[in-house]
Engineer: 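Sharing a structure with you now.
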Protein chains: 2
Amino acid sequence: MRRAEVPPRRRKGDFDMSFAAGADLGLLIRKLKSIITVSDAERSAIERLPMTRRQLPARQDIVRDGDHPTQCCLMLEGWAFRYKLLDEGKRQILSVHIPGDIPDLQSLHLPVMDHNLGALTACTVAFIPHEALRELTRTHPGITAALWRDTLVDAAIFREWMTNIGRRSTSGRITHLFCELYLKLHAMGLAENHACEMALTQGDIADAIGVSNVHVNRVLQELRGEGLLTLQGQRLVIHDWAGLTKRAEFDPAYLHLKRAPAP
Amino acid sequence: MRRAEVPPRRRKGDFDMSFAAGADLGLLIRKLKSIITVSDAERSAIERLPMTRRQLPARQDIVRDGDHPTQCCLMLEGWAFRYKLLDEGKRQILSVHIPGDIPDLQSLHLPVMDHNLGALTACTVAFIPHEALRELTRTHPGITAALWRDTLVDAAIFREWMTNIGRRSTSGRITHLFCELYLKLHAMGLAENHACEMALTQGDIADAIGVSNVHVNRVLQELRGEGLLTLQGQRLVIHDWAGLTKRAEFDPAYLHLKRAPAP
DNA sequence: CGCATCGTTGATGGGGATCAATAGCTGTGG
DNA sequence: CCACAGCTATTGATCCCCATCAACGATGCG
């Protein structure tokens, strides 16, 4: 369990103010298209969204517990994660986010943050003002439904994590987490052939599944020993997808992916 | 940990088809009014919602994992809960719901259930067709925002539970759960003076916080011994609210209540 | 090349699961 | 009105999973 290190807040200067050429927002459109049919009018409304592009170093906080954000954060490159800190520095990781995600979309309707959002790796994000998003939802009910749905999938993943932490064995928890991450990456075209980046350290994994980092290390060795997976550096290779999903009791239904997962 | 007993599905006949006189929907309006300002037009649109009233016996499932619901369930009386079942009958309770809640509102945008919803006590519910709710959201953006926000608070509670299960001591988990339930009941006018109904059995509590029922029993005795609370029959009495919230590291911010909690 | 973070390993102890048995409670039916 | 059935709560005994502490490699970066 990681002790309470407070990462530096982002500083002014480490971003460029290039406002959107709709290119970056293509990622958002792609995400929405995986949920609904996007009309031309909707597409063009999205492409007209104002945004600020930013580069963030790894492990830097983006929004903090208690903040009152005025914008949402669209992930363009890199991974982010949400987490809570408790007394004595205990940390619970709540979710992991990849390009296409809007990890703080809830701030559109919940004015105060009840957790932290941080960059896991160095990453590129686009900040979109709440006001622009509110206007978009006022005028485009279809987009509203899609964004709403996106937050509902978020919640569905929370429920699964709760179950993971509360009722699965440690090896089940780890393998379940890996199955989920691989499928999410795969759905966004960021993984193929049962291999993907793994930006989480063993300490991060520990704080995501509610065990100690030492224990994560030992169980990972078991999983390697069984030939289920390899985890070296920042790369996860799944050698036995069927075995992994079985070990994890993994059923992808909770991800509510449009296309059936065929990894 | 409760073994997989499959409760009987609801039968035809145990409900009456009395369609809404807006009386029951007053509860929904009350809930929404705690979130937004409800205009006369909105109020009357809500009161015109079609609904079917039903009486359900305790422990009966309302919607099941894998179902494709065509309606949402508004709690009128009694408690409900959401849960998942794993292999070997392990159960994780995901949330607890009281009058005013719509525990399956997510089904409006996620067609397939990824968990179960069951009656905890005997209860009265109102089923509202998805189609009517969709029409309501099409025509009333304010209500859409309020309902969306409601699902976001739901998700915020999931995050807190995740943290509870993953990183708190057992006594912290139990006390945190009690603080939350008391405050939710209090906010709906269903509890006063640090006392309330407690429909959860020790086994239910165990499955909500990720420990065994035996352990819940022992920790409850400690809490009683410290004079923090009394739990007899179906009644919870909190003797030392300050002590309880401290033990729980309880910060109500995540509930996103409109009025500051003043229990 | 030196420091920091991450990964790895060993030793130790405790929190909590599990099994088993008893007691209390509630509704049901004879 | 009591007996019985079926839950729920309680208690004791045993064991082991996993947290914790500590130390040491490995790795990567400025």
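Chain letters run A, B, ... following the sequence lines, proteins first and then strands; every chain starts at 1. Just so it is clear, the model here is predicted, and its values are computed rather than measured.
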Engineer: Does A:Glu222 have any salt bridge (charged side-chain N to carboxylate O under 4.0 Å, His left out) partners at least two apart in sequence or in another chain, and if so, which?
Structural biologist: none
Engineer: Output the rounded distance in Å from CD (B:Gln232) to C1' (D:dT8).
Structural biologist: 14 Å
Engineer: Among all residues two or more places apart in sequence or in another chain, which pass the side chain to side chain contact (heavy atoms under 4.5 Å, CB included) test with A:Val219?
Structural biologist: A:Thr170, A:Ser171, A:Ile174, A:His215, A:Leu223
Engineer: Strictly below 4.0 Å, heavy-atom distances to any atom of DNA chain C: list the hits from residues 216-225 of chain A, or just say none.
Structural biologist: A:Asn217, A:Arg218, A:Gln221, A:Arg224
Engineer: In this structure, how many angstroms lie between the P atom of C:dG16 and the CD1 atom of B:Ile165, rounded?
Structural biologist: 14 Å
Engineer: Give a yes/no on whether any side-chain N or O of B:Thr170 is located under 4.0 angstrom from OP1 or OP2 of C:dG16.
Structural biologist: yes
Engineer: For B:Ile209 and C:dA17, what is the distance between atoms CD1 and C1' respectively, to the nearest whole Å?
Structural biologist: 14 Å
Engineer: State whether A:Arg167 and B:Asp207 are salt-bridged, where the test is any N-O pair (Lys NZ or Arg NE/NH1/NH2 against Asp/Glu carboxylate O) under 4.0 Å.
Structural biologist: yes
Engineer: Sequence neighbours left out, what passes salt bridge (charged side-chain N to carboxylate O under 4.0 Å, His left out) with B:Lys31? Give chain and number order.
Structural biologist: B:Asp101, B:Asp150
Engineer: Identify, with sequence neighbours excluded, every residue that meets side chain to side chain contact (heavy atoms under 4.5 Å, CB included) alongside B:Thr124.
Structural biologist: B:Arg53, B:Gln55, B:Leu76, B:Glu77
Engineer: Holding to side-chain hydrogen bond (donor to acceptor under 3.5 Å, both in side chains), I want the full list of residues that pass it with A:Glu180, two or more places apart in sequence or in another chain.
Structural biologist: A:Trp161, A:Tyr254
Engineer: Please enumerate all protein N or O atoms sitting under 3.5 Å from an N or O of nucleotides 23-28 of chain D, with distances to 0.1 Å.
Structural biologist:
none

Engineer: Which angle, to the nearest 10 degrees, lies between the helix axes at the two ends of the helix from C:dC1-D:dG30 to C:dG30-D:dC1, each defined by five pairs?
Structural biologist: 40°
Engineer: Just to verify, what does A:Arg173 make a salt bridge (charged side-chain N to carboxylate O under 4.0 Å, His left out) with, not counting sequence neighbours?
Structural biologist: none
Engineer: Taking 4.0 angstrom as the limit, do B:Arg59 and B:Asp204 come out as a salt bridge?
Structural biologist: yes
Engineer: Check every atom of D:dA19, C:dT8, D:dT10 against the side chain of A:Ser212 and return the nucleotide holding the closest atom.
Structural biologist: D:dA19
Engineer: Rounded to whole angstroms, how far apart are CG on A:Leu200 and P on C:dC6?
Structural biologist: 12 Å
Engineer: B:Phe158: which residues meet the ring-ring contact (aromatic ring centres under 6.0 Å, His included) condition with it, sequence neighbours left out?
Structural biologist: none
Engineer: Flag the pair A:Arg64 and A:Asp67 as a salt bridge only when some basic side-chain nitrogen lies within less than 4.0 angstrom of an acidic carboxylate oxygen.
Structural biologist: no
Engineer: Taking the side chain of A:Val214 as its heavy atoms from C-beta onward, which of C:dT9, D:dG12, C:dG16 lies nearest to it?
Structural biologist: C:dT9
Engineer: Output the rounded distance in Å from CZ (B:Arg167) to C1' (D:dT20).
Structural biologist: 13 Å
Engineer: In whole Å, I'd like the distance from the CD1 atom of A:Ile174 to the C1' atom of C:dG7.
Structural biologist: 14 Å
Engineer: Please identify each residue that fulfils salt bridge (charged side-chain N to carboxylate O under 4.0 Å, His left out) with B:Asp114, with sequence neighbours left out.
Structural biologist: A:Arg159
Engineer: Roughly, in whole Å, what's the span from CG in B:Asn213 to C1' in D:dT11?
Structural biologist: 13 Å
Engineer: Does any pair with a residue in residues 228-240 of chain A pass salt bridge (Lys or Arg N to Asp or Glu O under 4.0 Å), and if so which ones, sequence neighbours excluded?
Structural biologist: none
Engineer: Can you tell me how far P of C:dC25 sits from CZ of B:Arg235, to the nearest Å?
Structural biologist: 18 Å
Engineer: So, OP1 or OP2 of D:dC7: does either fall under 4.0 Å of a side-chain N or O from B:Thr201?
Structural biologist: no
